[in-house]
Amino acid sequence: MVDALVTAEAQDVADELRSLHGWLTDVQELKGAVGLRESPPPSGALGPLLDALVVALGPAGAATAFATTVIAWLRLRRGDVHIKVTLDDGRSAELSATKVSELDTAALERQVKQLAEMLGAALDETKGIEGK
């Protein structure tokens with residue numbers, strides 16, 4: 001099992017993260033694996049701030065489903081949205097809506113494959129550690 005931390009840079013980060021959360025929780029391979037991470041409220045605020053999503057990835061199929069969903073979600077964003085996916089070991093991948101929406105089919109498939117491979121490699125390493 002590998003945790004992926006998903007952060008965003010956008011005009012309204014919390015709304016974008018909630019939207020992505022909705023997309024991810026609709027994916028069968030990710031059911032029950034997506035959570036919201038909130039930070040304590042700043043002084044004078046009424047409640048905590050949504051600052052990230054945490055996705056627990058198990059089998060390799062979940063990594064591909066996650067990557068495909070993130071890319072599809074980014075393609076439909078309007079305005080500037082920048083997503084960073086960071087794994088426990090510090091590896092990360094960054095994607096932006098502007099760059100993703102401009103990709104042709106082949107380039108889009110490469111983006112999905114690249115993100116899925118990073119996640120899959122981390123899962124394989126975790127299996128190796130657990131198997132010892």
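Residue numbers start at 1 and run along the sequence shown.
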- Taking the side chain as every heavy atom from C-beta outward, state whether Leu53 and Leu36 have any atom pair closer than 4.5 Å. yes
- Message: Hydrophobic clusters here meaning ILVMFWY residues chained together by side-chain heavy-atom distances under 4.5 Å, can you tell me if Val54 and Trp23 are in one?
- Response: no
- Name of the residue among Lys84, Arg18, Arg37 meeting salt bridge (charged side-chain N to carboxylate O under 4.0 Å, His left out) with Asp51: Arg37
- Query: How about Thr68 and Val27: do any of their side-chain heavy atoms sit closer than 4.5 Å?
  - Reply: no
- Query: So, for Leu50 and Ala14, which heavy atoms are closest and what is the spacing to 0.1 Å?
  - Reply: CD2-O, 3.6 Å
- Query: To the nearest 0.5 Å, how far apart are CD in Glu16 and CD in Glu9?
  - Reply: 12.5 Å
- Message: Hydrophobic clustering (ILVMFWY, side-chain heavy atoms < 4.5 Å, transitive) - are Leu5 and Leu57 grouped together?
- Response: no
- Message: Test of understanding: clusters of I, L, V, M, F, W, Y form through side-chain heavy atoms closer than 4.5 Å, transitively. Do Leu49 and Ile83 belong to the same one?
- Response: no
- Task: Over all heavy atoms of both residues, which pair between Ala67 and Ala116 is shortest? Give the atoms and the distance, please.
- Result: CB-N, 3.8 Å
- Check: Leu119 and Leu87 side chains under 4.5 Å, non-hydrogen atoms: yes
- Task: Take atom CG of Asp26 as the centre, draw a 6.0 Å sphere, and report whether it contains more than 12 heavy atoms from other residues, nucleotides or ligands.
- Result: yes
- Should the heavy atoms of other residues, nucleotides or ligands under 6.0 Å from CD of Gln114 be counted, would the total exceed 12? no
- Message: Which heavy atom of Ala52 sits nearest to which heavy atom of Leu17, and what is that distance?
- Response: N-CD1, 3.5 Å
- Task: Identify the heavy atoms of Leu30 and Ala62 that sit nearest to each other, and give their distance.
- Result: CD2-O, 3.8 Å
- Do Lys113 and Arg110 come close enough that some side-chain heavy atom pair is under 4.5 Å? no
- Message: How close do Thr86 and Ser92 get, counting heavy atoms only, and between which atoms?
- Response: OG1-CB, 3.8 Å
- Message: Would you say Met118 ends up clustered with Leu74 if hydrophobic residues are merged whenever their side chains have heavy atoms under 4.5 Å apart, either directly or through other cluster members?
- Response: yes
